Amino acid sequence: MKIRGVVLAAVLVGVMFLGISCSNNAGSGSDSLKVGFSQIGAESAWRSAETDSIRNEAVKRGVDLKFSDAQQKQENQIKALRSFIAQRVDAIILAPVVETGWEPVLKEAKKAGIPVILVDRGVNVSDDSLYTTLIASDFVEEGRMAGKWLVEKLGGNGNIVELQGTPGAAPAIDRKKGFEEAVAESPGMKIVKSQTGEFTRSKGKEVMETYLSAARAEGLKIDAVYAHNDDMALGAVQAIEEAGLKPGSDIIIVSIDGVKAAFEAMVDGKLNVTVECNPLLGPAAFDAVEKAVAGESLEKKIIVRDEVFDQSVAAEVLPTRQY
Ligand code: GZL
């Protein structure tokens, strides 16, 4: 039974967002797909855009979505997956916070005959039949694109400080790898400091403050910041400004994600480049769910296309940004 659009919208407006775990009642009809979505949290604008894309697509397709926010904790994601299995959902969508520790619960899902669609981050498992497909960007290539751009901008010479993403997370591991590959070709490019800013603006600012004070104490010149996401880069912008320096010119800032605030910072000349990592994975995720439930085979990895945006195009592109 399909609920009419206008009624559906009313139902959704009425549904209190419980924050930790709740369901969109969009598809509560008996013939609607029931899907569990274990989301990492709400640490960045990118993450919120991904959540919105998946929840909105569920509504559009009349899917009964069970949503769980893990508050950055893998144990909460594992608990959520076990709850979805107990509820006998038709499929699970998982954005895995880190790469390891998933085999036991993925074996339980497989035993229950429930397909698992990975979005945005991958997992390290000995048997890749434990998940149906991974829909994600190529993070190593994102790191390479950021590194190549910076090598050119600095003419192959400069001291770089790095703000890494969540320790153990696929994007943090791979963006570091790709960037190092790109800058290794220019011996004058040195990564002088590197630690996690946990993909958040506040931690990115805090770490950048320690970098700046350490550099002052050591008489070290910081030429550039490489941030694994825009939120940390924007935190670094704040720290650099508060230190009396000009972000985007005294210190070059290179980042990844492509969120709207990054384009606004580029228009203001405070950020130099962002490599887009598209979070609007809802349509692809539910296409994969529908195929998996229908027993159709799927590619093991569905790569999301990325693109580099620098200050020269920021003003023109900003009005077109969807997240
Ligand atoms: C990338 C995603 C990362 C984003 C961050 O697919 O996992 O996590 O780059 C987000 O903004 O926190």
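Atoms within a ligand are numbered from 1 in the order they appear, just like the ligands themselves. Just so it is clear, the structure is predicted and the values come from calculations on it, not from any experiment. Note that the numbering runs from 1 along the sequence shown for the chain.
- A cation-pi geometry, defined here as NZ or CZ lying under 6.0 Å from the six-membered ring centre and within 45° of its normal, does not hold between R175 and F179.
- The atoms of ligand 1 that sit less than 4.0 Å from any heavy atom of S44 are 5 (C), 10 (C), 11 (O), 12 (O).
- When each atom of ligand 1 is checked for a heavy atom of P171 under 4.0 Å away, the hits are 7 (O).
- Classification of K79 and E75 as a salt-bridged pair fails, no side-chain N sitting under 4.0 Å from a carboxylate O.
- Taking the six-membered ring where tryptophan is involved, the planes of H228 and F199 are tilted, since the angle between them lies from 30° to 60°.
- With a 4.0 Å heavy-atom cut-off, ligand 1 is reached by the side chain of R175 but not by its N, CA, C or O.
- The protein non-hydrogen atom at the shortest distance from atom 11 (O) of ligand 1 is D257 OD2, 2.6 Å.
- Of the polar atoms of R47, at least one N or O is found under 3.5 Å from an N or O of ligand 1, judged by distance alone.
- From the protein, the heavy atom lying nearest to atom 6 (O) of ligand 1 is D120 OD1, 2.8 Å.
- The closest approach between a heavy atom of D231 and any atom of ligand 1 is not below 4.0 Å.
- In summary, D120 and R47 engage in a salt bridge, as defined by a charged side-chain N under 4.0 Å from a carboxylate O.
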Original post:
Between E152 and K148, does a salt bridge (charged side-chain N to carboxylate O under 4.0 Å, His left out) hold up when you go through it step by step?
Top reply: CA-CA 6 Å; E152 204 176 312; K148 282 178 191 153; over 6 Å; no

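- A salt bridge is absent between R121 and E99: the closest approach of a Lys/Arg side-chain nitrogen to an acidic carboxylate oxygen does not fall below 4.0 angstrom.
- A cation-pi contact, defined as under 6.0 Å to the ring centre and within 45° of the axis, is absent between K177 and F139.
- Of the N or O atoms in W46, none lie within a sub-3.5 Å distance of an N or O in ligand 1.
- Note on K176 versus E162: salt bridge recorded, some NZ/NE/NH1/NH2 to OD/OE distance being below 4.0 Å.
- Of all the heavy atoms of N229, the ones lying under 4.0 Å from any atom of ligand 1 belong exclusively to the side chain.
- In the vicinity of E43, heavy-atom distances shorter than 4.0 Å reach the ligand 1 atoms 8 (O), 10 (C), 12 (O).
- Near C277, the atoms of ligand 1 lying under 4.0 angstrom from a non-hydrogen atom of the residue are 1 (C), 6 (O).
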